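What you see is a predicted model; the values in this text were computed from it and never measured. Order of the sequence lines sets the chain letters (A, B, ...), proteins ahead of strands, with each chain counted from 1.
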Amino acid sequence: MKIGELSKLSQISIRMLRYYEEAGLLAPKRSVSGYRQFEIADIERVKLIHKLNSAGLTLKVIRKILPCWQHQNKKFSPCKEFKNGLSDTLLKLDEQIELLQQSRSHLISLLNEN
DNA sequence: TTTCTTACA
DNA sequence: TGTAAGAA
């Protein structure tokens, strides 16, 4: 199917689908005219990519753990990349939480000064 | 009409 | 991410 159809079926903009390809998360074949040729399985694939990205995973991390996705059972097989990818994301998340807590503290003290 | 690339906001 | 331009 062409990019327009995948976009409608997956609810993901054409812009992002091209972006995902650029990030190495998608590898559609090209027709003679240069049009991207996606597969049925790509519908679920891009939806998953979007969910993971929304969950805070970078496209770089997703690229590592995507190969662990099993279309058959719709689950992740605990391969090496999967563990490393998630633990790495978890550390970054903790880092961000720490920074946000600091901002929170600063705002609170600022509010109590007067 | 749809898609492609590149580039700007 | 959205949108625009120019070409196929």
Trainee: Could you check how far CG of A/Leu17 sits from C1' of B/dT2, rounded to whole Å?
Mentor: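 My rounded result for the distance is 14 Å.
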Trainee: Does a distance-only test, which skips hydrogens and angles, find a donor-acceptor pair under 3.5 Å between the side chain of A/Tyr19 and the base of C/dT1?
Mentor: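 When only heavy-atom distances are counted, A/Tyr19 does not reach the base of C/dT1 through any donor-acceptor pair under 3.5 Å.
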Trainee: What's A/Ser33 touching, base or sugar-phosphate or nothing? Going by heavy atoms closer than 4.0 Å.
Mentor: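 Since no nucleic acid heavy atom lies under 4.0 Å of A/Ser33, the category is nothing.
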Trainee: Without decimals, in angstroms, what is the distance between A/Met16 CE and B/dT3 P?
Mentor: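 Value for this atom pair: 17 Å.
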Trainee: If I take atom CD in residue A/Glu21 and atom C1' in nucleotide B/dC4, what distance separates them, rounded to the nearest angstrom?
Mentor: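 Nearest whole value for this atom pair: 11 Å.
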Trainee: Can you tell me if A/Ser10 uses its side chain to pair, donor with acceptor, with the backbone of A/Lys47 under 3.5 Å?
Mentor: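 Checked: no pair found.
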Trainee: Need to verify one output field. Residue with the more 5' nearest nucleotide on DNA chain C, A/Asn53 or A/Tyr35?
Mentor: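 Final value for this comparison: A/Asn53.
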Trainee: Between A/Ser7 and A/Ile3, is there a donor-acceptor pair closer than 3.5 Å when you use the side chain of the first and the backbone of the second?
Mentor: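 Here the side-chain-to-backbone pair does not exist.
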Trainee: Check for a donor-acceptor pair, side chain of A/Asp88 on one end and backbone N or O of A/Gly85 on the other, with a separation under 3.5 Å.
Mentor: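 No: the side chain of A/Asp88 does not pair with the backbone of A/Gly85.
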Trainee: Below 4.0 angstrom from OP1 or OP2 of B/dC4, is there any side-chain N or O of A/Arg18?
Mentor: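 Yes, such a contact exists.
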Trainee: Starting at atom CD of A/Gln37, determine the distance to atom P of B/dT2, rounded to an integer number of angstrom.
Mentor: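 After rounding, the reported distance stands at 16 Å.
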Trainee: Between A/Arg30 (CZ) and B/dC4 (C1'), how many Å, whole number?
Mentor: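 The distance from CZ of A/Arg30 to C1' of B/dC4 comes to 8 Å, rounded to the nearest Å.
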Trainee: Between A/Arg15 and A/Glu21, does a salt bridge (Lys or Arg N to Asp or Glu O under 4.0 Å) hold up when you go through it step by step?
Mentor: CA-CA 10 Å; A/Arg15 178 74 171 80; A/Glu21 179 191 29; over 6 Å; no
Trainee: Measure from CD1 on A/Ile12 to P on C/dT1 and round the result to the nearest Å.
Mentor: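 A/Ile12 atom CD1 is separated from C/dT1 atom P by 9 Å.
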Trainee: Using heavy atoms to find the nearest nucleotide of DNA chain B for A/Arg15 and A/Lys2 separately, return the residue whose nucleotide is more 5′.
Mentor: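 First, find each residue's nearest nucleotide; the 5'-ward one identifies A/Lys2.
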Trainee: Roughly, in whole Å, what's the span from CD in A/Gln11 to P in C/dT1?
Mentor: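 One finds 14 Å between P of C/dT1 and CD of A/Gln11, rounded.
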Trainee: Tell me the interatomic distance from A/Ile14, atom CD1, to B/dT2, atom P, rounded to whole angstroms.
Mentor: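 Interatomic distance, CD1 of A/Ile14 to P of B/dT2: 9 Å.
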